[in-house]
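The structure appears below as structure tokens.
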Amino acid sequence: MERDEEPLAARPALEAEGLRFLHVTVGSLLATYGWYIVLGCILLYVAFQKLSTRLRAQRQRRLDQAAATVEPDVVVKRQEALAAARLKMQEELNAQVEKHKEKRRQLEEEKRRQKIEMWDSMQEGKSYKGNARKPPEEESPGPSASSIIPKRKSDRKPLRGGGYNPLSGEGGGACSWRPGRRGPSSGG
């Protein structure tokens, strides 16, 4: 029994010495390279997060592609709906074009009619400008064009003579500006 007790008593001393050695080694390692280890751990964490999101996105894309290839009837329905929408939009566009053509045809007919009226009035010797205008609209309760009296210009004397031109360089009086010399400045 004595033999069994000896290794037991010696074993805790060896464990304590091993723990002390481990503590000193790890402590000196952390003291020397601690910030580098912390920075490395942070970089590993960020890289792991980025890679995991990319892997998740790839996995999701693969699942979506697999789902799209599995259901061809959905693709056919989607294409039919797209074709129907295009056909409807084309019909609306054709209707708008027809309306536009009709409007343009009416405008051309109106212009042609006005030209004929103008020609007839010129043949009769009348002024064609008055006839070419559109017929007056229904009278509104506001003032009519005949009741407005045009204002006369006041007889003021002009500020400068009629021959004044600021770009000519003449008539400017004592003030004359000339540009400076081109070239390097003289001196020093």
Side-chain angles (χ1 to χ4, degrees), residues 49-188:
Q49 292 296 324
K50 292 268 188 191
L51 288 176
S52 66
T53 55
R54 284 187 184 174
L55 288 175
R56 259 188 251 127
Q58 281 182 345
R59 203 175 301 133
Q60 186 64 31
R61 261 188 261 130
R62 286 181 192 153
L63 290 174
D64 290 343
Q65 288 175 352
T69 57
V70 171
E71 302 174 14
D73 56 334
V74 173
V75 174
V76 171
K77 287 180 183 178
R78 188 177 302 150
Q79 287 177 347
E80 289 174 353
L82 187 62
R86 284 181 181 160
L87 183 63
K88 181 180 174 184
M89 288 172 61
Q90 186 65 42
E91 289 173 355
E92 289 175 1
L93 182 64
N94 289 341
Q96 288 177 354
V97 166
E98 282 299 317
K99 287 180 184 177
H100 182 69
K101 282 182 181 178
E102 183 64 30
K103 230 183 234 187
R104 180 172 252 163
R105 200 176 308 123
Q106 288 176 355
L107 286 174
E108 288 175 359
E109 181 66 28
E110 181 69 24
K111 284 182 182 179
R112 189 182 65 78
R113 188 184 58 75
Q114 286 180 357
K115 283 184 180 181
I116 291 172
E117 287 178 6
M118 185 175 65
W119 179 255
D120 289 343
S121 68
M122 285 179 62
Q123 292 296 325
E124 294 174 3
K126 296 179 183 176
S127 172
Y128 63 89
K129 288 186 179 180
N131 294 338
R133 293 185 184 137
K134 292 184 179 178
E137 300 291 326
E138 295 180 12
E139 291 186 22
S140 59
S144 65
S146 62
S147 66
I148 298 175
I149 301 171
K151 295 181 179 179
R152 287 181 41 205
K153 292 185 178 179
S154 61
D155 298 326
R156 291 186 184 171
K157 182 179 171 185
L159 295 175
R160 294 211 181 248
Y164 173 71
N165 184 2
L167 300 178
S168 67
E170 297 176 6
C175 179
S176 65
W177 177 81
R178 292 185 184 172
R181 291 182 58 194
R182 301 180 87 191
S185 61
S186 61

Inset, instruction - Report the distance from atom CD of E108 to atom NZ of K111, rounding to the nearest 0.5 Å. - result: 7.5 Å
Legend entry - Test applied, side chain to side chain contact (heavy atoms under 4.5 Å, CB included); reference residue, H100; option that passes from Q96, E98, R104: R104
Legend entry - Spatial distance of atom CZ (R86) from atom CE (M89) [nearest 0.5 Å]: 9.0 Å
Inset, instruction - May I ask you to test the Q114-M118 pair for a side-chain heavy-atom distance under 4.5 Å? - result: no
Legend entry - R105: which of K103, E102, E109 passes side chain to side chain contact (heavy atoms under 4.5 Å, CB included): E102
Inset, instruction - Could you tell me whether the side chain of R78 reaches within less than 4.5 Å of the side chain of L82, counting heavy atoms only? - result: no
Legend entry - Rounded distance (nearest 0.5 Å) linking atom CD of Q58 with atom CZ of R54: 9.0 Å
Legend entry - Euclidean distance, R112 CZ relative to L107 CG, rounded to 0.5 Å: 13.5 Å
Inset, instruction - Before giving the answer on side chain to side chain contact (heavy atoms under 4.5 Å, CB included), spell out for Q60 and R56 the whole-Å C-alpha distance, their side-chain angles and the decisive distance to 0.1 Å. - result: CA-CA 6 Å; Q60 186 64 31; R56 259 188 251 127; over 6 Å; no
Legend entry - Between Q90 and N94: side-chain donor-acceptor atoms closer than 3.5 Å: yes
